[in-house]
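Letters go in sequence order (proteins before strands), and every chain restarts at 1.
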Amino acid sequence: MDIERKWQKKWEKAEIFQANPHGDKKLFLTVAYPYPSGAMHIGHGRTYTVPDVYARFKRMQGYNVLFPMAWHVTGAPVIGIARRIQRRDPWTLKVYQKVHKVPPKELEKFTDPEYIVEYFSKEYKRIMKAMGYSIDWRREFKTTDPQYQKFIAWQIKKLKKRGLIRKGEHPVKYCPECENPVGDHDLLEGEGVAINQLTILKFKLRDSYLVAATFRPETIFGVTNLWLNPKEKYIEVKVDGEKWIISEKSYKNLSQQKKDMKFVEEVNPEELVGSNVKNPMTGEEHPILPAYFVDPEYGTGIVFSVPAHAPADYIALQDLKKDRKLQKKYKLENIERIKPVNVITTEGYGECPACETIEKFKIKNQKDPRLDDATNELYKIEHAKGKMSQHIPEYSDKPVAEAREEIAEHLKSEGKADEIFDFAEHPVICRCGSRCIVKIMENQWFIKYSDKEWKNLTLKCLNSLKIIPEEVKANFEYYIEWLDDWACARRIGLGTPLPWDPKWIIEPLSDSTIYMSYYTIAPHLKRLPANDLNDKFFDKIFLGQDNKLKIDEKLANKISNEFNYWYPLDWRLSAKDLIGNHLTFHLFHHSAIFPPSKWPKGIVVFGMGLLEGKKMSSSKGNVVLLSDAIEAHGADVVRLFLMSSAEPWQDFDWREKEVIGTKRRLEWFREFGDKISNMIGSKRLSVSKTPEPSSFIGKWMMARINLRIREATKALEGFQTRRAVQEAFFLLRKDVDHYMKRIGDHVDEEVKDVLRYLLSVWIRLMAPFIPHTAEEMWEKYGGDGFVSEAPWPKLHEEFISLEVQRAEEIVQDTIKDIMEIKKILNIAPEKVHVYVAPDWKWRVLEMAYDMDKPDIGALMGRAISEGIHDDKKELVDFIKRILKDTLRGEYPGRVDEYRILSDAKDYIEKEVNAEIIIHEDAEYDPEGKAKNAIPYKPAIYLE
RNA sequence: GCGGGGGUGCCCGAGCUGGCCAAAGGGGACAGGCUUAGGACCUGUUGGCGUAGGCCUACCAGGGUUCGAAUCCCUGCCCCCGCACCA
């Protein structure tokens with residue numbers, strides 16, 4: 001732990017992560033800046049470690065790397081949090097005490113939203129430093145800085161000038177008590193509940209209308225009656241000169257959507273029951289009937305009944321038919337005569353799909369909880385596969401999905417229908433305790449992502465960049481296509497006011513689309529008065545316009561040059577769930593504001609974090625704080641674990657047990673360093689000198705080291721951190737273990753050279769992942785300067801010889817074969833005879849590889865004609881054998897098996913615990929085993 | 001519903017441009033070494049069968065292409081994620 005702090009201080013003092021323009025190999029990467037409303041947990045740890053690892057890797061490769069960080073403090077959540085803290089809301093207090101571990105003294109100050117973000121951004125910064133991130137902190141800013149606000153104002157004005165901003169209205173979740181729109185985090189109940197658009201159909205009753213809300217306007221042709229709940233209160237309201245009858249409970253919601261809606265009087269639902277209303281489509285008369293399943297809060301509290309297609313309607317009708325008392329009470333007659341009317345034909349269903357569904361689900365009455373499932377199932381099937389039935393005028397044979405739209409449009413245009421919004425589920429309750437409603441926000445500002453031309457430009461931008469992983473590209477395409485106009489301003493929260501309509505605050509996703517460019521100039525702007533940073537200034541800096549500025553021209557040129565040096569952004573990293581908004585906006589805005597040469601060049605998308613297999617969630621307390629993890633295991637362990645347990649775009653799972661396993665492996669690495677340095681003496685690591693061993697195993701080790709360099713480098717280039725760690729650590733470790741076993745105690749100069757080289761390479765390969773440990777070892781074993789600035793291990797492709805690796809495989813396979821035979825025979829032989837394949841077998845093999853499609857006949861023919869081997873029986877047996885399983889893949893080339901095995905003789909003897917006799921000719925072969933030898937697979941005889 | 005991604009050995013997870021895949025790596029379990037019995041560490045085993053290095057059964061289920069499929073195609077079942085004004 002002290003080691004980690006020590007190196008963090010040294011880095012800071014040496015300013016090695018401060019990036020200034022120089023040289024032409026630059027790399028600029030950013031990761032989504034945090035919204036500091038809570039403590040940093042291990043999920044965040046992964047998010048910020050990935051870019052750090054990549055930044056460190058690229059720095060070692062000689063790039064001038066810029067990795068900056070800032071704080072996204074714009075938005076509403078902290079306002080709500082502060083309010084709840086002030087109110088001493090027990091749930092909020094508990095979360096902040098127990099989950100975010102805020103000390104009581106600090107928590108007291110959390111009634112100020114600004115303080116919350118200040119507290120947590122400090123905390124974040126502290127932990128980011130403790131994690132060893134190679135961030136250039138000079139560029140730090142927060143999104144409420146006056147200079148940044150100037151930048152945001154410039155950006156949004158730019159869009160407005162391009163005609164990409166418009167005004168309109170928009171439905172939102174709204175708390176009438178707080179008089180504010182509410183987000184999911186503001187809710188006590190009803191998180192994630194969607195807002196649905198419903199069609200309302202007007203059924204005329206005398207001089208007023210009963211308005212029924214529905215998702216399925218197309219079923220209007222199958223209406224048999226209307227339902228209302230006689231236990232609830234109903235009222236008459238005036239809308240646009242019309243009289244509507246709705247439930248009292250729906251009034252609150254609807255009155256926020258129909259601005260001129262006025263309460264007129266209460267209506268007794270009991271008196272309505274039994275009267276007839278007129279169908280707006282067909283003009284038929286339908287009776288109003290009582291039903292208790294009708295939810296007065298949902299829609300309008302009035303439902304029209306389509307018993308053929310709605311299970312609830314059907315069962316309610318059945319219930320009513322059985323209930324003589326109720327019929328009598330409301331003087332209902334001819335109830336029996338009401339029959340379901342089919343309107344939709346769906347394959348697999350008959351005249352009355354609702355009846356069939358009721359039977360399938362075995363539903364007894366309208367109080368059955370399974371009724372929802374039944375309704376849902378039928379709804380989905382009919383929507384997906386249903387067609388309007390033959391007898392329906394104008395719409396017959398039309399798919400339901402189409403007919404639905406057309407019918408609603410048609411009725412609306414005739415004034416017989418309207419639309420409203422409602423929550424998909426009730427209730428939705430604000431943290432203040434009151435029920436939320438859907439409110440139509442008027443005069444809302446929108447960014448016009450629906451603009452066709454803009455979409456095309458953005459698609460072009462998308463096609464010009466690299467996306468990791470590639471699969472999510474389809475996702476981007478989909479979102480660009482699908483994205484509609486975005487409400488880009490809010491009435492509450494921290495942020496930048498809209499320049500032309502300052503009572504609106506620019507919404508947080510809209511103010512973080514091109515801010516990466518801001519990092520490139522942030523250090524300078526900090527020292528300039530915000531008022532001097534007008535639009536002309538940004539036009540000059542970012543777009544190269546030749547403007548007269550309030551600030552010194554030389555300085556402005558310098559700033560502009562720095563922007564041009566760093567931009568475009570090479571990599572943007574962000575989470576998977578932000579593809580649909582932030583990342584897509586990022587592309588939209590860049591394409592609208594910057595020329596193609598400044599468009600982003602790459603995007604990396606992250607997965608989520610799991611904790612012991614369960615989804616992490618701060619609000620549920622299911623998190624491990626990053627600071628606790630560092631405390632318990634050390635930053636390098638946390639880093640290594642996070643990087644090795646999953647690729648960035650996959651979900652990772654924090655399992656304490658495996659974290660501890662990672663810790664042990666890291667300790668092993670440190671100890672291994674000591675072990676090696678003891679073996680080779682305390683000489684300097686050989687960074688530039690590459691050994692050239694002459695022994696097989698030495699060559700093999702060099703091949704493996706370089707193979708790992710190659711693979712780890714390739715993996716890191718593609719942000720495959722897990723793969724890189726596998727190669728650079730686990731697999732290399734396996735190779736090294738093997739090498740150590742192979743050399744036994746023969747430590748000669750060659751071995752020392754190889755080990756010195758190995759250690760030097762290995763520390764550097766691991767440095768991006770475990771920078772503190774790597775620095776410590778680098779220093780200890782005599783590396784030059786910081787390992788963070790050391791050159792990335794150079795790949796010597798020439799060492800990666802297939803032949804050398806194949807040779808070692810022969811040794812290993814031979815041992816394995818001997819062991820297997822020993823096991824089967826259950827004997828402990830004194831001597832093991834090993835026979836290598838004779839020359840003629842190699843020649844036949846080469847011949848076989850030479851042919852396009854080797855078969856027995858052709859091979860035999862050629863072998864005989866060339867007189868390769870006299871014994872035809874042996875020849876044909878061998879050919880059969882190699883045709884069966886040897887001829888696969890690429891021919892690795894002929895190897896000198898005798899030399900290889902002789903070279904490894906001592907080792908093999910130790911492994912199999914018997915004397916090894918290697919035969920080039922089968923001069924001693926009592927059981928005739930030698931004939932089994934084939935290339936790469938010597939014959940074996942135990943005695 | 002729309003869109004995206006998946007189903008691999010006890011668990012996690014690689015492989016999935018077809019052959020060297022009974023399938024990397026980790027975890028767990030078992031056995032042995034070490035040690036004061038423990039912890040840590042090291043070694044080995046971890047689908048079945050087998051008296052000569054082999055055979056059989058396996059990568060959700062079913063079908064197909066191929067000399068050959070975990071890998072390609074079709075069908076079905078199941079799972080996960082996003083769908084907005086929320087960072």
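Ile579(A) has its CD1 atom 11 Å from the P atom of G82(B), to the nearest Å. What separates CD of Glu711(A) from C1' of A24(B) is a distance of 13 Å, to the nearest Å.
Note on Asp813(A): nothing from the nucleic acid sits closer than 4.0 angstrom, heavy atoms only. Residue Ala939(A) is in base contact, counting any heavy-atom pair closer than 4.0 Å across all strands shown.
Across all strands shown, the partner of A29(B) is U45(B), judged by Watson-Crick or G-U wobble contacts whose two distances both fall under 3.5 Å. A 3.5 Å limit on both hydrogen-bonding distances identifies no Watson-Crick or G-U partner for U51(B). Taking a pair to require two hydrogen-bonding distances under 3.5 Å in either a Watson-Crick or a G-U wobble arrangement, C2(B) pairs with G82(B).
The side chain of Tyr478(A) approaches G3(B) more closely than any other nucleotide in the set C86(B), G3(B), G44(B). Side-chain proximity of Arg665(A) to the nucleotides G27(B), C85(B), G53(B) is greatest for G27(B). Distance from the side chain of Lys823(A) is smallest to G50(B) among G4(B), G50(B), C86(B). For Phe730(A), the listed nucleotide lying nearest its side chain is G25(B); candidates were A87(B), G25(B), A52(B). For Leu483(A), taking side-chain heavy atoms from C-beta onward, the closest of the listed nucleotides A87(B), A84(B), A24(B) is A84(B).
Taking the nucleotide of RNA chain B with the nearest heavy atom to each of Ile940(A) and Asp737(A), the more 5' of the two is matched to Asp737(A). Judged by closest nucleotide on RNA chain B, Glu471(A) is the one of Glu471(A) and Cys488(A) placed further toward the 5' end.
Between Lys734(A) and G25(B), a side-chain N or O to OP1/OP2 separation shorter than 4.0 Å is present. Residue Arg722(A) has no polar side-chain atom (N or O) positioned under 4.0 Å from OP1 or OP2 of G26(B). In this structure, Gln650(A) reaches the A14(B) phosphate: one of its side-chain N or O atoms is under 4.0 Å from OP1 or OP2. Under 4.0 angstrom from either OP1 or OP2 of A24(B) there lies no side-chain N or O belonging to Arg708(A).
Not a single donor-acceptor pair, N or O on each side, falls under 3.5 Å between the base of G4(B) and the side chain of Asn475(A).
The CD atom of Glu507(A) lies 11.0 Å from the CG atom of Leu498(A); values are rounded to the nearest 0.5 Å.
Of the listed residues (Glu809(A), Lys816(A), Glu808(A)), just one forms a side-chain hydrogen bond (donor to acceptor under 3.5 Å, both in side chains) with Gln812(A), and that residue is Glu808(A).
Counting non-hydrogen atoms of neighbouring residues, nucleotides and ligands closer than 6.0 angstrom, the CG atom of Asn913(A) reaches no more than 12 such neighbours.
Salt bridge Glu218(A)/Arg404(A): present, at least one basic N to carboxylate O contact under 4.0 Å.
Remark: Arg166(A) fails to qualify as a cation-pi partner of Trp445(A) under the 6.0 Å distance and 45° angle criteria applied to the six-membered ring.
A69(B) and C20(B) are spaced 16 Å apart, taking the C1' atom of each and rounding to whole Å.
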